[in-house]
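These notes are about the structure you will find just below.
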Amino acid sequence: MEKTYQPQQLEANWYKTWEERGYFAPQGNGDPYCIVIPPPNVTGRLHMGHGFQHAIMDALTRYHRMLGCQTLWQVGTDHAGIATQMVVERQLNAAGTSRQEIGREDFVKKVWEWKDESGDIITQQLRRLGSSLDWSRERFTMDEGLSKVVEKVFIDLYNEDLIYRGNRLVNWDPKLLTAISDLEVVSEEEDGSMWHFRYPIAESDEHLVIATTRPETLLGDSAVAVHPEDPRYTHLVGKFVDLPLCGRRIPIIADDYVDPEFGTGCVKITPAHDFNDYEVGKRHDLEIINILTKQASINDEAPEAYRGLDRFEARKKIVEDIEELGLLEKIEPHKLKVPRGDRSGVVIEPYLTHQWYVAVQSLADPAIKAVENGDIEFVPKNWENTYFAWMRNIQDWCISRQLWWGHRIPAWYDENDKVYVGADEASVRAAHGLGDDIQLRQDEDVLDTWFSSALWTFSTLGWPDETEFFDKFHPTNVLVTGFDIIFFWVARMIMMTLKFTGQIPFKKVYITGLVRDENGQKMSKSKGNILDPIDLIDGISIEDLLAKRTADMMQPQLKQKIEKATKASFPDGIAAYGTDALRFTFYSLASTGRDIKFDLGRTEGYRNFCNKIWNASRYVLMNMEGKSVSDAAHHAPHFSPADRWITSRFESTAKQIEECMESYRFDIAAQTLQEFVWNEYCDWYVELSKPVLWDDEANPEAAAAARFVLLSILEKSLRLMHPFMPYITEEVWQRIAPLLGINGDSIMLQPFPIPNADNLDAQAEESIEWIKGVIVGVRNIRGEMDISPAKTINVFLRSENQIDKQRLDEARVFLQKLAKLNSIDWLEPDAPAPTAATQLHGQLEILVPMAGLIDVAAEQARLDKEIAKLEGGIKAVGGKLGNAKFVDNAPEAVVAKEREKLAEMESAVTALRTKREELAALA
RNA sequence: AGGCGCGUAGCUCAGUUGGUUAGAGCGCUACCUUGACAUGGUAGAGGUCACCAGUUCGAAUCUGGUCGUGCCUACCA
């Protein structure tokens with residue numbers, strides 16, 4: 001074995017082996033256990049969120065597989081309509097052409113080529129994480145089977161009037177030229193202005209003042225509204241204003257949508273370009289005047305002077321023209337929320353178009369109930385509130401997109417725009433008796449990618465035609481995902497799955513936090529603070545990292561800033577930590593909070609932990625050279641307290657891990673494992689085994705027993721850790737298991753350790769605690785008194801408690817080795833003791849004779865410190881016990897515990913004071 | 001505006017139903033290459049648990065408020 005753990009080669013080898021041997025497919029006949037992957041974008045790249053969520057899903061998957069469940073982690077990708085189309089369009093533009101130029105058919109062909117070319121990047125990256133996904137069942141939202149489900153669902157919903165086509169305002173992206181759903185709009189506060197314009201009142205010399213943040217929409221105004229009870233304006237209601245620049249006369253209406261306190265209390269109403277105005281317009285039967293083209297420039301409905309201008313140019317010109325007319329009252333700086341497309345970043349226009357919608361209310365009701373009645377549970381539970389809040393106020397879902405990449409809407413129109421929905425043109429013709437003389441054209445639009453994602457749990461499992469897997473694995477057990485897509489995906493899956501299968505899609509939803517950078521910032525390409533999980537596994541130089549973070553920048557002016565920040569955070573680049581260390585970092589950070597600041601220091605710590613495991617294994621293997629072990633029954637009679645202790649500690653650990661898995665507390669699991677392996681197995685048990693193994697000849701049976709325990713606890717620990725650290729555990733297990741006569745092909749198919757309370761051994765734990773206490777006591781004196789660790793020393797032990805004497809007999813060899821002692825002498829309570837540095841362990845006095853070793857003043861200081869500490873404790877506990885209310889009210893056990901504590905501290909402080917006085921007399 | 005969350009050691013975070021003299025890792029200090037490991041070992045320093053008030057025998061933990069901070073939803077013409 002190498003002296004340090006080298007993850008690089010063995011990770012790739014093991015993953016390949018597991019995959020080739022088909023270990024990821026469900027097997028056996030245990031209970032089914034299933035997780036579906038949140039489908040990543042097929043042409044995308046792995047990010048930290050994937051890393052985090054896959055670490056968790058893989059731990060759950062491997063855990064249940066080892067528990068003997070038939071376990072399926074269903075893999076697949078989605079087609080990411082807008083994102084993918086944008087990438088391919090950019091490629092076309094770079095090549096000097098465009099999608100319009102090459103046409104729909106060729107464009108879609110190009111996208112498929114791009115998918116084939118780049119689609120396996122992300123799936124290869126998922127493999128690097130060790131994810132035990134069943135690749136034999138890989139699905140893609142655009143593949144034939146899934147597309148058929150999408151089609152069926154669309155048609156069925158249409159036939160039930162749950163999908164309809166409507167002409168209304170949508171969120172329109174004037175750059176991508178498509179509608180998007182309200183979830184795809186991000187509104188952030190930006191600096192803008194509030195323009196106050198005077199609108200002349202018709203047939204009078206008066207005017208009123210409206211306030212607007214979007215002057216250009218003036219061209220589409222069809223009324224001015226005031227509050228019905230606003231005394232300033234009641235006399236104007238029913239009159240008209242002459243709309244400047246347009247030569248139109250529009251009514252002044254009363255509507256309590258208007259907030260009299262805000263602005264001037266007069267609102268211009270532009271029904272075609274504002275969601276609220278649209279509603280006002282409907283109530284008052286106002287004209288809807290669309291003044292924008294799809295690209296958001298001014299169209300021919302507007303006065304000639306403005307036609308063809310971009311919306312922002314038009315704004316400028318209109319303000320100038322208003323000012324020229326003397327109608328500009330004032331301009332005030334104003335902060336407002338500007339809606340932008342989450343993909344394009346441009347300002348979204350409310351725009352009147354025909355789109356397809358899902359009427360979600362009737363789907364939402366059962367989906368709400370499923371969570372209310374506990375059929376589906378969120379972990380942590382408080383996310384249910386977020387879900388309810390959205391679901392109870394849900395809006396119809398705009399599902400059509402003006403894109404070419406996606407599931408084309410199965411709807412055809414005749415010459416009169418009458419719509420027919422069906423699987424294909426032939427079946428539409430047949431169903432509606434349309435002869436060949438009637439021209440039909442298919443709807444140009446495709447469906448929102450989330451529409452197909454909403455069907456993911458059942459479409460990937462073969463519903464509705466091949467239901468073997470569906471019958472076995474649906475509902476799935478748990479969905480692991482980020483809170484940012486509860487609305488986009490989780491809620492919609494629940495609605496659609498209930499509707500079509502009558503089942504919930506999953507029993508639990510484990511919501512992870514969002515991985516942020518070392519400063520708590522959200523990671524994003526534009527901020528240049530992305531960490532690539534693969535770079536943490538393989539390492540990356542600072543040069544490559546800088547190049548990666550500043551490549552293809554949307555905002556090149558940020559380059560210097562990004563470089564500076566990157567150099568500050570990673571002056572030497574990033575070391576190669578390996579997959580297991582990265583995964584363990586994710587577990588350790590997977591607590592219940594919603595932000596996860598990624599801390600590379602922890603990854604380094606867990607890399608070191610891997611090395612610790614590696615070296616402990618080396619130690620065990622070295623000690624097995626030329627030796628063999630039998631079974632537990634054979635060795636048990638020769639077990640030392642240390643052997644029984646570590647066995648007992650293992651059981652407690654296994655029990656805790658079981659609880660952590662049930663409660664999804666991977667952070668506690670990680671800490672528990674590290675604590676056991678490092679602080680108990682390595683720090684103590686391995687050390688305690690040394691005197692026994694090195695004195696093999698004196699007691700060969702004891703040495704053999706120790707070897708057996710070293711080996712078997714290591715082997716069991718590897719199985720306990722395997723769901724979290726698949727690679728190192730496999731590699732080491734392959735070397736260790738045969739020595740125990742275990743013949744398995746892979747640790748991942750071995751049983752997970754089931755806690756066995758029979759192995760708990762309180763007596764052994766007490767014995768070892770005693771030994772540890774004595775050793776730590778001596779080390780403490782050495783450390784504080786500056787005695788070289790190389791120097792062997794003599795100690796005396798003294799106690800009134802005979803148990804201490806008995807314990808010394810069984811512990812002598814351990815103490816000698818671990819505390820580096822020359823002699824250990826027992827003193828009876830009344831025997832005279834040499835002048836010594838003293839440390840107490842319970843009633844036991846640990847005495848290190850001072851002659852030539854210890855400075856009196858230093859020992860006095862040390863004792864003073866110890867006494868002061870005890871006095872603090874006595875004061876606190878004594879105060880408690882002196883309080884009658886505490887003694888009367890607190891549970892008896894609590895009071896008894898406090899009394900015991902007090903008694904111990906008092907006797908300790910007495911003993912130390914005596915020592916202190918003896919030293920004082922000496923000085 | 002409403003909702004949710006957070007504020008514990010220099011940093012990143014645990015802290016179960018109130019019962020500890022408040023924990024871990026990293027970092028820091030001192031010493032040490034001893035036959036698994038310097039990606040290591042040993043010992044140690046470091047916190048009035050944001051603040052205030054309340055409930056209680058007892059509060060990091062429960063209640064109310066204040067301050068700071070982050071996010072989500074709705075919306076402001």
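To find a chain, count down the sequence lines: A is the first, B the second, and so on, and within it residues start at 1.
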Checklist entry - Can a side chain N or O of A/N889 be found less than 4.0 Å away from OP1 or OP2 on B/rC57? => result yes
Checklist entry - Is there a donor N/O on one and an acceptor N/O on the other, under 3.5 Å, for the side chain of A/R779 and the base of B/rU42? => result no
Item to check | Residue that, paired with A/F378, satisfies ring-ring contact (aromatic ring centres under 6.0 Å, His included) out of A/Y387, A/F483, A/W383 | outcome: A/Y387
Checklist entry - Closest to the A/K897 side chain: B/rA36, B/rA77, B/rU20? => result B/rU20
Checklist entry - Stems in RNA chain B: runs of 3 or more consecutive Watson-Crick or G-U pairs, distances under 3.5 Å? => result B:1-7 with B:67-73, B:10-13 with B:23-26, B:28-32 with B:40-44, B:50-54 with B:62-66
Next on the checklist: For a quick check of understanding: with a heavy-atom distance under 4.0 Å over all strands, which category does A/V686 fall into, base, sugar-phosphate or nothing?
Outcome noted: base
Item to check | Rounded C1' spacing from B/rC13 to B/rG40 in Å | outcome: 25 Å
Checklist outcome for this item: Ranking A/M905 and A/I596 by the position along RNA chain B of their nearest nucleotide, the one closer to 5' is A/I596
Checklist entry - Under 3.5 Å, side chain of A/R492 to main-chain N/O of A/I486, donor-acceptor pair present? => result no
Item to check | P atoms of B/rG5 and B/rU42, separation to the nearest Å | outcome: 41 Å
Checklist entry - What's the closest nucleotide to the A/T213 side chain, out of B/rA77, B/rA24, B/rG40? => result B/rA77
Next on the checklist: Under 4.0 Å, heavy atoms only, any strand: does A/A211 hit a base, just the sugar-phosphate, or nothing?
Outcome noted: base
Checklist entry - If you measure from the Lys or Arg side-chain nitrogens to the Asp or Glu carboxylate oxygens, is any gap between A/E871 and A/K875 under 4.0 Å? => result no
Next on the checklist: Tell me whether the side-chain N/O atoms of A/K901 come closer than 4.0 Å to OP1 or OP2 in B/rU21.
Outcome noted: yes
Next on the checklist: Taking any heavy-atom pair under 4.0 Å as a contact, classify A/A890: base, sugar-phosphate, or nothing.
Outcome noted: base
Item to check | P spacing across the pair B/rG23 / B/rU39, given as an integer number of angstrom | outcome: 30 Å
Checklist entry - NA contact type, A/K597, heavy-atom cut-off 4.0 Å: base, sugar-phosphate, or nothing? => result sugar-phosphate
Next on the checklist: Between the side chains of A/E349 and A/R311, is the shortest nitrogen-to-carboxylate-oxygen separation below 4.0 Å, so that they form an ion pair?
Outcome noted: yes
Checklist entry - Does B/rA36 have OP1 or OP2 sitting under 4.0 Å from an N or O in the side chain of A/N623? => result no
Checklist entry - What interatomic distance, in whole Å, is found between P of B/rC4 and the corresponding atom of B/rU63? => result 13 Å
Next on the checklist: Could you tell me if A/R583 sits above the aromatic ring of A/F586, with its cationic atom closer than 6.0 Å to the ring centre and no more than 45 degrees from the axis?
Outcome noted: no
Checklist entry - Below 4.0 angstrom from OP1 or OP2 of B/rA36, is there any side-chain N or O of A/K690? => result yes
Item to check | side-chain N/O A/N382 vs B/rG5 OP1/OP2, d < 4.0 Å | outcome: yes
Next on the checklist: For B/rG35 and A/R618 - does any side-chain N or O of the residue sit under 4.0 Å from the phosphate oxygens OP1/OP2?
Outcome noted: no
Item to check | Salt-bridge criterion met for A/K335 and A/D191 (N-O under 4.0 Å) | outcome: yes
Item to check | Sugar-phosphate, base or nothing in reach of A/V887, heavy atoms under 4.0 Å | outcome: nothing
Item to check | Rounded distance in Å between the C1' positions of B/rG58 and B/rG68 | outcome: 30 Å
Checklist entry - Can a side chain N or O of A/W614 be found less than 4.0 Å away from OP1 or OP2 on B/rG40? => result no
Next on the checklist: Considering every strand and a 4.0 Å limit on heavy-atom distances, what is the contact class for A/W390: base, sugar-phosphate, or nothing?
Outcome noted: nothing
Next on the checklist: Can you see if the side chain of A/Y257 gets near the phosphate of B/rC76 - specifically, an N or O under 4.0 Å from OP1 or OP2?
Outcome noted: yes
Item to check | Span that lies between the C1' atom of B/rA60 and that of B/rG7, in whole angstrom | outcome: 12 Å
Next on the checklist: Considering every strand and a 4.0 Å limit on heavy-atom distances, what is the contact class for A/D259: base, sugar-phosphate, or nothing?
Outcome noted: base
Checklist entry - Between A/F666 and A/Y664, how do the two ring planes meet: parallel, tilted or perpendicular, split at 30° and 60°? => result perpendicular
Could you go over nucleotides 44-50 of chain B and give all protein N or O partners under 3.5 Å, atom names and distances?
from   : atom 1 : to     : atom 2 : distance (Å)
B/rG44 : OP1    : A/N780 : ND2    : 2.7

Item to check | Centroid distance under 5.5 Å and plane angle under 30°, A/F886 vs B/rG58 | outcome: no
Checklist entry - Is any N or O donor-acceptor pair between the side chain of A/Q395 and the base of B/rA74 shorter than 3.5 Å? => result no
Next on the checklist: Classify A/R782 by what it touches in the nucleic acid, base, sugar-phosphate, or nothing, heavy-atom distance under 4.0 Å.
Outcome noted: nothing
Next on the checklist: Under a 3.5 Å distance rule, please check whether A/D221 uses its side chain to pair with a backbone N or O of A/A223 as donor and acceptor.
Outcome noted: no
Next on the checklist: Using atom P in both nucleotides, what's the gap between B/rC49 and B/rG2 to the nearest angstrom?
Outcome noted: 31 Å
Using a cut-off of under 3.5 Å, enumerate the N/O to N/O pairs linking the protein to nucleotides 68-72 of chain B.
from   : atom 1 : to     : atom 2 : distance (Å)
B/rG70 : N2     : A/R594 : NH2    : 3.0
B/rC71 : O2'    : A/R594 : NH2    : 3.4
B/rC71 : O2     : A/R594 : NH2    : 2.9

Next on the checklist: Check the phosphate of B/rU42 against A/K820, side-chain N and O only, distance under 4.0 Å to OP1 or OP2. Yes or no?
Outcome noted: no
Item to check | Salt bridge A/E658-A/K655, side-chain N to carboxylate O under 4.0 Å | outcome: yes
Checklist outcome for this item: Testing B/rA36, B/rA14, B/rU39 for proximity to the side chain of A/D667, the answer is B/rA14
Item to check | Salt bridge flag under 4.0 Å for residues A/D667 and A/R665 | outcome: yes
Item to check | Donor-acceptor pair between A/D259 and A/H227 side chains, under 3.5 angstrom | outcome: no
Checklist entry - Any Lys/Arg nitrogen of A/R862 or A/E784 sitting under 4.0 Å from an Asp/Glu carboxylate oxygen of the other? => result no
Checklist entry - Contact class for A/W195 vs. all strands (heavy atom < 4.0 Å): base, sugar-phosphate, or nothing? => result nothing
Checklist entry - Want to settle it: does A/I668 or A/G872 sit nearer the 5' end of RNA chain B, counting the closest nucleotide to each? => result A/I668
Checklist entry - Is any side-chain N or O of A/K880 closer than 4.0 Å to OP1 or OP2 of B/rU21? => result yes
Next on the checklist: I'd like to know if A/K330 pairs up with A/E332 as an ion pair, taking the criterion as any Lys NZ or Arg NE/NH1/NH2 lying under 4.0 Å from an Asp or Glu carboxylate oxygen.
Outcome noted: yes
Next on the checklist: Between C1' on B/rA77 and CG on A/L218, what's the gap in Å once rounded to a whole number?
Outcome noted: 13 Å
Next on the checklist: Between the base of B/rC37 and the side chain of A/K3, is there a donor and acceptor pair under 3.5 angstrom?
Outcome noted: no
Next on the checklist: I'd like the P distance from B/rC62 over to B/rG15, given in whole Å.
Outcome noted: 12 Å
Checklist entry - If you look at every strand shown and take non-hydrogen atoms under 4.0 Å, does A/C610 touch a base, only sugar-phosphate, or nothing? => result nothing
Checklist entry - Quick one: does A/N615's side chain have a donor or acceptor within less than 3.5 Å of a partner on A/N611's backbone? => result yes
Item to check | Donor-acceptor side-chain pairing of A/T585 and A/Y577 below 3.5 angstrom | outcome: no
Item to check | Ion pair A/K901/A/E904, N-O distance below 4.0 Å | outcome: no
